[in-house]
K.L.:
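This is the structure I want to talk about, given as structure tokens.
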There are 2 protein chains.
Amino acid sequence: MKWWGWGYEDAEFRANLHPGFWPYAKSVLDIESDDFARRQWSLASIELPEPRADEPFLAKLRTSLAPSQITDDAKERVIHSYGKGFRDLFRLRRGVAAGAPDLIVYPESERDVCLTLRAAAERDIVLIPFGGGSNIAGCLERMDAGRMCVSLDMRRMHRVLAVDRRSFTARIEAGVFGPDLEAQLGAHGFTLGHFPDSFLHSTLGGWIATRSAGMQSDKYGKIEDMVIAVRMVTPEGVLQTLVVPKSSNGIDVNHICIGSEGTLGVITEATMRVHALPESREVQGYLFPEFDGGIEAMHQCVSRECMPAMVRLNDPDKTALSLAFRPPTAGFTKIAGRLFKTYLRAKGFAQPRTCLMLTAFEGSPRGVSQRLRQAEAIYRKCGAVGLGAGAGKSFEATKYDFPHIRDFLLDRDVTTDVSETATVWSNIGTLYRETTTILRAEIGKSGVRPWAGCHISHSYPCGASLYFTFGFRQQHGQEMEQYLRVKRAVQQSFIDHGATLSHHHAVGTEHLPWLAADISPIGVRAVSAIKQGLDPANIMNPGRLLPSSIPQA
Amino acid sequence: MKWWGWGYEDAEFRANLHPGFWPYAKSVLDIESDDFARRQWSLASIELPEPRADEPFLAKLRTSLAPSQITDDAKERVIHSYGKGFRDLFRLRRGVAAGAPDLIVYPESERDVCLTLRAAAERDIVLIPFGGGSNIAGCLERMDAGRMCVSLDMRRMHRVLAVDRRSFTARIEAGVFGPDLEAQLGAHGFTLGHFPDSFLHSTLGGWIATRSAGMQSDKYGKIEDMVIAVRMVTPEGVLQTLVVPKSSNGIDVNHICIGSEGTLGVITEATMRVHALPESREVQGYLFPEFDGGIEAMHQCVSRECMPAMVRLNDPDKTALSLAFRPPTAGFTKIAGRLFKTYLRAKGFAQPRTCLMLTAFEGSPRGVSQRLRQAEAIYRKCGAVGLGAGAGKSFEATKYDFPHIRDFLLDRDVTTDVSETATVWSNIGTLYRETTTILRAEIGKSGVRPWAGCHISHSYPCGASLYFTFGFRQQHGQEMEQYLRVKRAVQQSFIDHGATLSHHHAVGTEHLPWLAADISPIGVRAVSAIKQGLDPANIMNPGRLLPSSIPQA
């Protein structure tokens, strides 16, 4: 894994495969020069604090764990110091790794987790559970420099332990990554149906701890809808729930583990609802002449219960970005594309307002074609024209590549990041317009040209998620403050307009200042009380979910 | 409302409208005599403890509330002393109302609730939120005789405050009863879709506090699936959540209110997901030659995503009871019935194994007929014959009457009650057989003939609910112990076989001894911690959700 960017070391954004992208970025971000020296990232340049070493704690670990399960290797410490948000990557690229843990432990069983927690509790040592390290809300950095800090990397606990074919459930270790999980379930003919943008680089435990959502949540639900039972090792013992479909057993303690962001314990395994692998899958693209028409189409699909498995509606700016991101097209397609453009113009589609929608339908061939027919009738009534399966294929081919753009732009002194939220249908238009205006104005305050785009996805009967992407040229020497001002303005707009602080990225440190406004001060008190009860010594990922901390540069 | 039985004073089980019932009961329960004096229930016979009166508390209430909002009327105290379980009704009929509150307060606004809580906290007075009083798990009786106790009757907070047509949500006060709620939502063209057996006598707040399930949960979900946001007044302040479809805001505090059983505060309102009133509704009956065939049919409907809105599959004994409960049929139907019986016998249906299934389909006329066709094809493959809409109509006409049977039988020295649970599909057969065997054996131990029946309902992708009904002649002088032994055996069987303590009746006092086995001791610790944080003086419904208490005779 890269320590200076997204994903594996051999994967990156290749400008030659997306020839339209950099010219587009230069034009919308007002960049004149191409003169950016390609940086060589050198681990040696990172100021890594000397690791604290509590000898009695280490001695205990060494008696129970293999040497390969414990490391204070510099590169591993750097990789485990942060997630992958702008703040994280920017700091590492400047040689700052103050969030680095002193040690990394790789448990291979729940027993290993239990004994590490016990040893840590005895010696007042901080533990931060670590899945894929892809979080972008600041969930992973150490907040408490006064105590020794251990990152508990769960990747070695990656087995599907049991599949109950008749009940559509699977018992799964929490450290499994998306592709490995789907391969193991696929061998039984099942899928979890959870495909977040971070799919390649995130784990089941991370998804549960952060209340993650996959692209196809419209069909399969958010991760909290898939959890049947959990096991979570806390400093006070193992919290475990029964494998039952539903219950009336008082307060649902599954929901105490879900979203706990590492603050209460380590999720070691979960029994998840799984689905038969869909026989058929159709990904299609559509263009709408206006954003509102696309929203109306999504709403009508929800009202008439013909939602696709996935729907992603880009606003005009996000549409322009998507088109710029496209791979180059071959001769014939180019000509067809020109003809299509003429046709669109004749139909009244005007470039600056046109919106791209991508949908996926999954299930039995008959069910898919039926639902697709129903949905397309709605789309057409709302003014859409179909782009066919080509647009869908192009999306499928690159759907996990988007986060690499940030590294490419960081190399070019451009800051980009995202903020996402959810609201009810009646509020989507207002929230979208107001937040976009605020976002652009805030970026503009530092004297640079703003770029802001939004897509709507994850539709529910009552509302949907709005996902804002923004970018701007960096003010030299002010990069972090510039970023934080923009990020704060967006988050404040969410709360001011009745929307939630995040739909699927977690609270972390970046969204913590808005937690009390979101769940109310008494809600925060309830969360603190649980923390007190299960982790009285505050060794588990301290500084999260309790809004005494605010994000630090 | 009756204080000695289920429902309103003018409603009861009328044997002449169900002429087959009493002969059936006599035969299966081994009752020879018809000689049961009809008791006259007299309030005067009830030993009601002198009400405690904390003068400073009362003075505070009187300055803020109208006189009509406060009462210590004897009849009201008796009605508010218990729910409607066997233990409750049996005690009241013996003149015992030790659970009676000292006072009943009827708040008319959240302000009234807040000031009552504040006054109670100041004077260390116990508050028990009271919705419809229909709970049968022992949620409502006072457990703490040492302090003054107030029942907070929520019935006057019964308005639908706002409907968001575009977002399919409604903001609703918690004290509204089922029929009133459906009438108010119906005026807007909406339904909540929540129809528990107690529908006529239970409230939104009660449903949320106990994690209730309606008959049509297969389509509309359990109550926890319908809650978008809540407001709960706690002794520490008001917990409130945002009206958003989904979030990643840490631990979901909606789920701290849901299932809290009155122990943390008073739910004053909730924003609920609502649905357009279905254009079409079909209720149908089917007979299966064996219980297993019916279970297989339910499972296949779930696997192929053609679940009805409601499905209720009776085992052979519950089927016999349902047939005995039927209203008398007219001449022609009688003849048709005889012909049908002959036909069934020819098809290999044998009376002692035949099982009745009732289903409801709701939605657009096309959607209903499509799904019905799909489901019926599955039913037929599993050996079913259709009974047509007549069986459905008969079920619809009497669906809320069933609980009246208990009063009728109590009058005849027969104890009846229910225990329900949920488990995964792979465990349903074993759980059903083992629990039925244990239940019959336990009843038999007191030397009386056991009657035990079960229906399976509330189907989910991963499993379903099993609802056991049991009855037996009372052992004179031993009635309560006899009941508790049976109830304990059933509950223990649930836990021993990996099933939950209740699917929708709550923990209360009756299921409390199994809470730690269900949610694990650490789960209980989490719940206790929340209680500590939000109700440090333990004034809210003390003795629940914390397994220090066990059910007392």
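Just so you know, these numbers come straight off a predicted model, no measurement behind them. To find a chain, count down the sequence lines: A is the first, B the second, and so on, and within it residues start at 1.
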K.L.:
Mind jotting down which residue pairs meet the ring-ring contact (aromatic ring centres under 6.0 Å, His included) criterion with at least one end in residues 218-267 of chain B? Sequence neighbours excluded, please.
P.N.:
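ring-ring contact (aromatic ring centres under 6.0 Å, His included) check on residues 218-267 of chain B returns His255(A)-His255(B), Tyr220(B)-His275(B).
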K.L.:
Measuring only between side-chain heavy atoms, which start at C-beta, is Ile530(A) closer than 4.5 Å to Ile530(B)?
P.N.:
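Yes, close enough: below the 4.5 Å cut-off.
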K.L.:
Please state whether the side chain, the backbone, both or neither of Leu534(A) comes within less than 4.5 Å of a heavy atom of chain B.
P.N.:
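Contact with chain B involves the side chain of Leu534(A) alone.
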K.L.:
Would you give the length of the straight line joining atom CE of Met226(A) to atom SG of Cys462(B), rounded to the nearest 0.5 angstrom?
P.N.:
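Between atom CE of Met226(A) and atom SG of Cys462(B) there are 11.5 Å.
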K.L.:
What part of Thr421(B) gets within 4.5 angstrom of chain A, counting heavy atoms only: side chain, backbone, both, or neither?
P.N.:
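Neither part.
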K.L.:
Rounded to the nearest 0.5 Å, what separates atom CG in Asn249(A) from atom CG in Leu512(B)?
P.N.:
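The CG atom of Leu512(B) is 12.0 Å from CG of Asn249(A), to the nearest 0.5 Å.
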K.L.:
If you count heavy-atom pairs under 4.5 Å with chain B, which of Pro461(A), Gly237(A), Ser364(A), Ala209(A) comes out on top?
P.N.:
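Top count of heavy-atom pairs under 4.5 Å with chain B: Pro461(A).
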K.L.:
Name the option with the most non-hydrogen atom pairs under 4.5 Å to chain A; the candidates are Gln532(B), His458(B), Lys222(B).
P.N.:
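Highest number of pairs under 4.5 Å: Lys222(B).
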K.L.:
Could you look at Ile251(A) and say if it's the side chain, the backbone, both or neither that has a heavy atom under 4.5 Å from chain B?
P.N.:
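Looking at Ile251(A), backbone and side chain both touch chain B.
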K.L.:
I'd like to know which of Val243(A), Leu239(A), Val253(A) tops the heavy-atom pair count under 4.5 Å against chain B.
P.N.:
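The candidate making the most pairs under 4.5 Å is Leu239(A).
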K.L.:
Check whether Leu242(B) gets within reach of chain A through its side chain, its backbone, both or neither, counting any heavy atom under 4.5 Å.
P.N.:
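Both parts, backbone and side chain.
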K.L.:
Among Glu261(A), Glu236(A), His504(A), which residue forms the greatest number of heavy-atom pairs with chain B at distances under 4.5 Å?
P.N.:
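With the most close heavy-atom pairs to chain B, the winner is Glu236(A).
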K.L.:
Is Ala517(A) close to chain B through its backbone or its side chain, or both, or neither, when contacts mean heavy atoms under 4.5 Å?
P.N.:
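Looking at Ala517(A), just its backbone touches chain B.
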K.L.:
Any side-chain heavy-atom pair from Val244(A) and Val424(B) closer than 4.5 angstrom?
P.N.:
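Val244(A) does not reach Val424(B) side chain to side chain.
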K.L.:
If we define contacts as heavy-atom pairs under 4.5 Å, which of Ser426(A), Gly463(A), Gly367(A), Ser212(A) has the most with chain B?
P.N.:
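The residue among Ser426(A), Gly463(A), Gly367(A), Ser212(A) with the greatest pair count is Ser426(A).
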K.L.:
Side chain, backbone, both or neither: which part of Phe168(A) has a heavy atom under 4.5 Å from chain B?
P.N.:
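It is both, since atoms from each part get that close.
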K.L.:
Identify which of Thr241(B), Val507(B), Ile495(B) forms the greatest number of heavy-atom pairs closer than 4.5 Å to chain A.
P.N.:
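Going by pairs under 4.5 Å, I would pick Val507(B).
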K.L.:
Might you point out which heavy atoms bring Arg166(A) and His299(B) nearest each other, and give the distance in Å?
P.N.:
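Arg166(A) and His299(B) have their closest heavy atoms at O-NE2, 2.5 Å.
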K.L.:
Need one label for Leu264(B): side chain, backbone, both or neither, based on atoms under 4.5 Å from any heavy atom in chain A.
P.N.:
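Contact with chain A: side chain only.
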K.L.:
Which atoms of Glu420(B) are under 4.5 Å from chain A, going by heavy atoms: the side chain, the backbone, both sets, or neither?
P.N.:
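No part of Glu420(B) comes within 4.5 Å of chain A.
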K.L.:
May I ask you to name which of Ala276(A), Pro521(A), Ser520(A), Gly533(A) has the most heavy-atom pairs under 4.5 Å with chain B?
P.N.:
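Counting heavy-atom pairs under 4.5 Å, the top option is Ser520(A).
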K.L.:
Go through the atoms of Ile519(A) and report whether side chain, backbone, both or neither lie under 4.5 Å from a heavy atom of chain B.
P.N.:
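It is both, since atoms from each part get that close.
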K.L.:
Under 4.5 Å from any heavy atom of chain B, what part of Gln370(A) do you find: side chain, backbone, both or neither?
P.N.:
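Just the side chain, heavy atoms under 4.5 Å.
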K.L.:
Go through the atoms of Asp252(A) and report whether side chain, backbone, both or neither lie under 4.5 Å from a heavy atom of chain B.
P.N.:
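Contact with chain B: backbone and side chain both.
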K.L.:
Counting only non-hydrogen atoms closer than 4.5 Å, does Val302(A) touch chain B with its backbone (N, CA, C, O), its side chain (CB onward), both, or neither?
P.N.:
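Looking at Val302(A), nothing touches chain B.
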K.L.:
Do you know which two heavy atoms are closest between Pro245(A) and Ala464(B), and how far apart they sit?
P.N.:
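Minimum heavy-atom separation between Pro245(A) and Ala464(B): CG-N, 3.8 Å.
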K.L.:
Are the side chain of Arg211(B) and the backbone N or O of Gly250(A) linked by a donor-acceptor pair below 3.5 Å?
P.N.:
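Yes, the answer is positive, given that a donor and an acceptor are paired below the 3.5 Å cut-off.
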K.L.:
Please state whether the side chain, the backbone, both or neither of Val274(B) comes within less than 4.5 Å of a heavy atom of chain A.
P.N.:
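For Val274(B), neither part sits under 4.5 Å from chain A.
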K.L.:
Count the heavy-atom pairs under 4.5 Å between each of Thr263(B), Thr423(B), Leu545(B), Asp518(B) and chain A, then report the option with the highest count.
P.N.:
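Answer, by heavy-atom pair count under 4.5 Å with chain A: Asp518(B).
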K.L.:
For residues 238-248 of chain A, which residue pairs pass the salt bridge (Lys or Arg N to Asp or Glu O under 4.0 Å) check, not counting sequence neighbours?
P.N.:
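Sorted pair list: Lys246(A)-Asp225(B).
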K.L.:
Give a yes or no on whether the backbone of Thr210(B) and the side-chain of Ser248(A) come within a donor-acceptor separation of less than 3.5 Å.
P.N.:
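Present.
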K.L.:
Given that the side chain runs from C-beta out, which part of Thr169(B) has a heavy atom under 4.5 Å from chain A: side chain, backbone, both or neither?
P.N.:
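Answer is side chain: those atoms of Thr169(B) sit under 4.5 Å from chain A.
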K.L.:
For the candidates Met232(A), Glu296(A), Arg165(A), Arg304(A), which exhibits the highest count of non-hydrogen atom pairs separated by less than 4.5 Å from chain B?
P.N.:
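Ranked by contacts with chain B, first place is Glu296(A).
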K.L.:
For Ile256(A) and Ala526(B), work out which heavy atoms get closest and say how close.
P.N.:
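It is CD1-CB, 3.9 Å.
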K.L.:
Select one option (side chain, backbone, both, neither) describing which atoms of Leu515(B) are under 4.5 Å from chain A's heavy atoms.
P.N.:
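Leu515(B) touches chain A through side-chain heavy atoms alone.
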K.L.:
Where the side chain of Ser247(B) meets the backbone of Thr500(A), is there a donor-acceptor pair that is under 3.5 Å apart?
P.N.:
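It does not hold such a pair.
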K.L.:
With a 4.5 angstrom heavy-atom cut-off, which part of His505(A) approaches chain B: side chain, backbone, both or neither?
P.N.:
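Contact with chain B involves the backbone of His505(A) alone.
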